[in-house]
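Some notes on the structure that comes next.
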Amino acid sequence: MTAVCFSECHKFSDAACELMASSCPNLEKVDLDWCWDLRDSSISEVFRRCPNIQHINLTGIKFLSDDALRLLPDHCPRVRLLNVTQCDSVDDSRLYALMRHYGSQIEIRNYYGEVL
């Protein structure tokens with residue numbers, strides 16, 4: 001399996017997210033938008049266990065912070081799209097750091113959905 005979509009699955013839990021990450025290490029596309037209550041710990045597991053991720057949509061995950069995103073460069077070298085629209089705790093400085101790391105190969109959407 002290379003793609004999963006749990007878009008708007010409000011009851012998708014941290015435990016389910018971690019199970020997905022450990023069971024599907026070949027994921028390239030992960031859509032978790034509006035899975036409100038996921039925390040950094042489960043998103044971090046996705047980054048650690050799924051190194052082939054190219055597209056990840058984390059729109060509206062209210063507990064996502066810079067801590068999880070710090071793992072991307074070391075664990076997910078192929079990321080081409082990162083969407084953190086409406087993620088309150090993600091700082092633009094972290095997004096710009098990711099842009100510097102990945103260069104022109106990545107499209108990042110900030111809190112407002114704007115492409116940086």
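This chain uses plain numbering: 1 for the first residue, then up along the sequence. Computed from a predicted model, the values in this text were never measured in an experiment.
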For Ser65 and Asp40, test the side chains for any donor-to-acceptor distance below 3.5 angstrom and give the result as yes or no.
yes
How long is the span from the CG atom in Asn57 to the CG atom in Asn83, to the nearest 0.5 Å?
4.5 Å
Go through the steps to decide whether Gln105 and Arg80 satisfy the test side chain to side chain contact (heavy atoms under 4.5 Å, CB included), and finish with yes or no.
CA-CA 6 Å; Gln105 76 181 27; Arg80 301 293 179 261; 3.0 Å; yes
Heavy atoms only: give me the nearest Arg49-Ala21 pair and the separation to one decimal.
CB-O, 3.6 Å
Do side-chain atoms of Asp66 reach the backbone of Ala68 as a donor and acceptor pair under 3.5 angstrom?
no
Is it true that Arg70 and Asp67 have a side-chain N and a carboxylate O under 4.0 angstrom from each other?
yes
Mind checking whether Thr85 and Tyr112 have side chains closer than 4.5 Å, heavy atoms only?
no
Consider only side-chain heavy atoms of I, L, V, M, F, W and Y, link residues closer than 4.5 Å, and tell whether Tyr111 and Ile61 are in one cluster.
no
In short, Cys76 meets Cys50 closest at the heavy-atom pair SG-O, 3.6 Å
Without hydrogens or angle criteria, can the side chains of Asp14 and Ser42 be said to hold a donor-acceptor pair below 3.5 Å?
yes
Pairwise side-chain contact, Ile53 with Arg78, heavy-atom cut-off 4.5 Å (strictly under)
no
More than 12 heavy atoms from other groups under 6.0 Å of NZ on Lys29:
no
Looking at CZ of Arg94 and CG of Asn110, how far apart are the two atoms once the value is rounded to the nearest 0.5 Å?
15.5 Å
Asn26 versus Thr2, side-chain donor and acceptor atoms under 3.5 Å:
no
Test item: Leu64 and Val90 side chains (from C-beta on) under 4.5 Å apart, heavy atoms:
yes
Can you tell if the side chain of Val84 reaches within under 4.5 Å of the side chain of Leu95, non-hydrogen atoms only?
yes
Once you round to the nearest 0.5 Å, how far does CZ of Phe47 lie from CG of Asp74?
12.0 Å
Can you find a pair of side-chain heavy atoms, one from Leu72 and one from Tyr102, that are under 4.5 Å apart?
yes
Applying side chain to side chain contact (heavy atoms under 4.5 Å, CB included), run through Glu18 and Ser22 and close with a yes or a no.
CA-CA 6 Å; Glu18 290 173 17; Ser22 65; over 6 Å; no
Is the shortest side-chain heavy-atom distance between Leu32 and Cys17 below 4.5 Å?
yes
Apply side chain to side chain contact (heavy atoms under 4.5 Å, CB included) to Ile106 and Leu81, showing your working.
CA-CA 6 Å; Ile106 193 167; Leu81 172 68; over 6 Å; no
Close side-chain approach of Leu82 to Leu58, heavy-atom, < 4.5 Å:
yes
Group every Ile, Leu, Val, Met, Phe, Trp and Tyr by side-chain heavy-atom contacts under 4.5 Å, then state whether Trp34 and Phe12 land in the same group.
no
Test Val115 against Arg109 for side chain to side chain contact (heavy atoms under 4.5 Å, CB included), laying out the working first.
CA-CA 5 Å; Val115 175; Arg109 294 188 176 268; 3.5 Å; yes
Can you hop from Leu19 to Val30 via hydrophobic side chains spaced under 4.5 Å?
no
Looking only at heavy atoms, what is the nearest atom pair of Val46 and Met20, with distance?
CG2-CE, 3.7 Å
At their closest point, which heavy atom of Cys87 faces which heavy atom of Gly60, and how far apart are they?
SG-N, 3.8 Å
Glu8 CD to Thr59 OG1 distance, which is reported to the nearest 0.5 Å:
10.0 Å
With the side chain counted from C-beta on, respond yes when Leu38 and Phe63 share a heavy-atom pair under 4.5 Å apart, and no when they do not.
no
Can you tell me how far CZ of Arg39 sits from NZ of Lys62, rounded to the nearest 0.5 angstrom?
8.5 Å
